[in-house]
Amino acid sequence: MIEIYHASKFGNGAMVAEELRRIMEAKGQQVNVHHIDEVRARDVPPADLYIFGSPTRFGGPIGSMKRFLKKAALPPGSRYAVFATHGAAVPDKKTGRVPTDEEMARLRRTMPIMDEILAGKGLTKVAEHMFLVSGDQMKGRLLDGWQEEAEKFADAILA
Ligand SMILES: Cc1cc2nc3c(=O)[nH]c(=O)nc-3n(C[C@H](O)[C@H](O)[C@H](O)COP(=O)(O)O)c2cc1C
């Protein structure tokens, strides 16, 4: 059994989670998808593999996901994969300057921070993937090609 836990606010991460479910079920896996707001961290069941997905707030995982991972009952030695959704880089509205790679990296620490919590619980990582959302409006939209990326991510997870 594969258990996916995500914390999507605007729906993009939820779409990724559902796509992963669809792809992996087509490959014969059993997959459950949960929004972390709808479950209790202490009731997380043992699983063959966990997938955690988080939106980003100020460079890190959204607070609810950080708290969830810290509290979750995850058996040491469990395997996990992680994904984050991030705003795509946009030029500064006033100056038109495009952020440098280094500046973007500082805004994209979501997966390393999740990894640190999970490593502290003795979990083993198998794969990760970053999904970009267009940055031109609040809700944004997953960039074209995201389904193919989900397919590759699923292959890496199941490899
Ligand atoms: C208050 C706020 C802060 C954000 N900060 C970042 C950030 O530091 N880095 C980043 O890549 N995206 C940032 N974003 C964009 C989110 O990553 C994006 O909204 C989210 O991944 C979309 O996923 P969801 O549709 O599943 O909620 C921010 C969004 C909001 C609303």
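Note that the numbering runs from 1 along the sequence shown for the chain. Just so you know, ligand 1 is whichever comes first in the structure, and atom 1 is the first atom listed for that ligand.
Annotation: salt bridge (charged side-chain N to carboxylate O under 4.0 Å, His left out) contacts involving residues 1-18, sequence neighbours excluded, comprise E18-R21.
Counting only distance, with no hydrogens or angles, the side chain of K125 and the backbone of A119 share no donor-acceptor pair below 3.5 Å.
In summary, R40 and D37 do not engage in a salt bridge, as defined by a charged side-chain N under 4.0 Å from a carboxylate O.
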Write out each pair where an N or O from ligand 1 and one from the protein are under 3.5 Å apart, with the distance.
{"residue": "ligand 1", "atom": "5 (N)", "partner": "F58", "partner atom": "N", "Å": "3.1"}
{"residue": "ligand 1", "atom": "8 (O)", "partner": "F58", "partner atom": "N", "Å": "3.2"}
{"residue": "ligand 1", "atom": "8 (O)", "partner": "G59", "partner atom": "N", "Å": "2.7"}
{"residue": "ligand 1", "atom": "9 (N)", "partner": "L107", "partner atom": "O", "Å": "2.8"}
{"residue": "ligand 1", "atom": "11 (O)", "partner": "H86", "partner atom": "ND1", "Å": "2.9"}
{"residue": "ligand 1", "atom": "11 (O)", "partner": "G87", "partner atom": "N", "Å": "3.2"}
{"residue": "ligand 1", "atom": "12 (N)", "partner": "G87", "partner atom": "N", "Å": "3.3"}
{"residue": "ligand 1", "atom": "14 (N)", "partner": "T56", "partner atom": "O", "Å": "3.3"}
{"residue": "ligand 1", "atom": "17 (O)", "partner": "T56", "partner atom": "N", "Å": "3.3"}
{"residue": "ligand 1", "atom": "17 (O)", "partner": "T56", "partner atom": "O", "Å": "3.4"}
{"residue": "ligand 1", "atom": "17 (O)", "partner": "T85", "partner atom": "O", "Å": "3.2"}
{"residue": "ligand 1", "atom": "21 (O)", "partner": "T85", "partner atom": "O", "Å": "2.9"}
{"residue": "ligand 1", "atom": "21 (O)", "partner": "T85", "partner atom": "OG1", "Å": "2.6"}
{"residue": "ligand 1", "atom": "23 (O)", "partner": "T85", "partner atom": "OG1", "Å": "3.1"}
{"residue": "ligand 1", "atom": "25 (O)", "partner": "F10", "partner atom": "N", "Å": "3.3"}
{"residue": "ligand 1", "atom": "25 (O)", "partner": "G11", "partner atom": "N", "Å": "3.2"}
{"residue": "ligand 1", "atom": "25 (O)", "partner": "N12", "partner atom": "N", "Å": "2.8"}
{"residue": "ligand 1", "atom": "25 (O)", "partner": "N12", "partner atom": "ND2", "Å": "2.7"}
{"residue": "ligand 1", "atom": "26 (O)", "partner": "S8", "partner atom": "OG", "Å": "2.5"}
{"residue": "ligand 1", "atom": "26 (O)", "partner": "N12", "partner atom": "N", "Å": "3.4"}
{"residue": "ligand 1", "atom": "26 (O)", "partner": "G13", "partner atom": "N", "Å": "2.7"}
{"residue": "ligand 1", "atom": "27 (O)", "partner": "K9", "partner atom": "N", "Å": "2.8"}
{"residue": "ligand 1", "atom": "27 (O)", "partner": "F10", "partner atom": "N", "Å": "2.7"}

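Side-chain contact check for N32 and Y5: no donor-acceptor pair (N or O, by modelled atom type) lies under 3.5 Å. With no hydrogens or angles considered, no side-chain donor-acceptor pair links S54 and T110 at under 3.5 Å.
Within the 4.5 Å cutoff, side-chain heavy atoms of I36 are placed close to those of S64.
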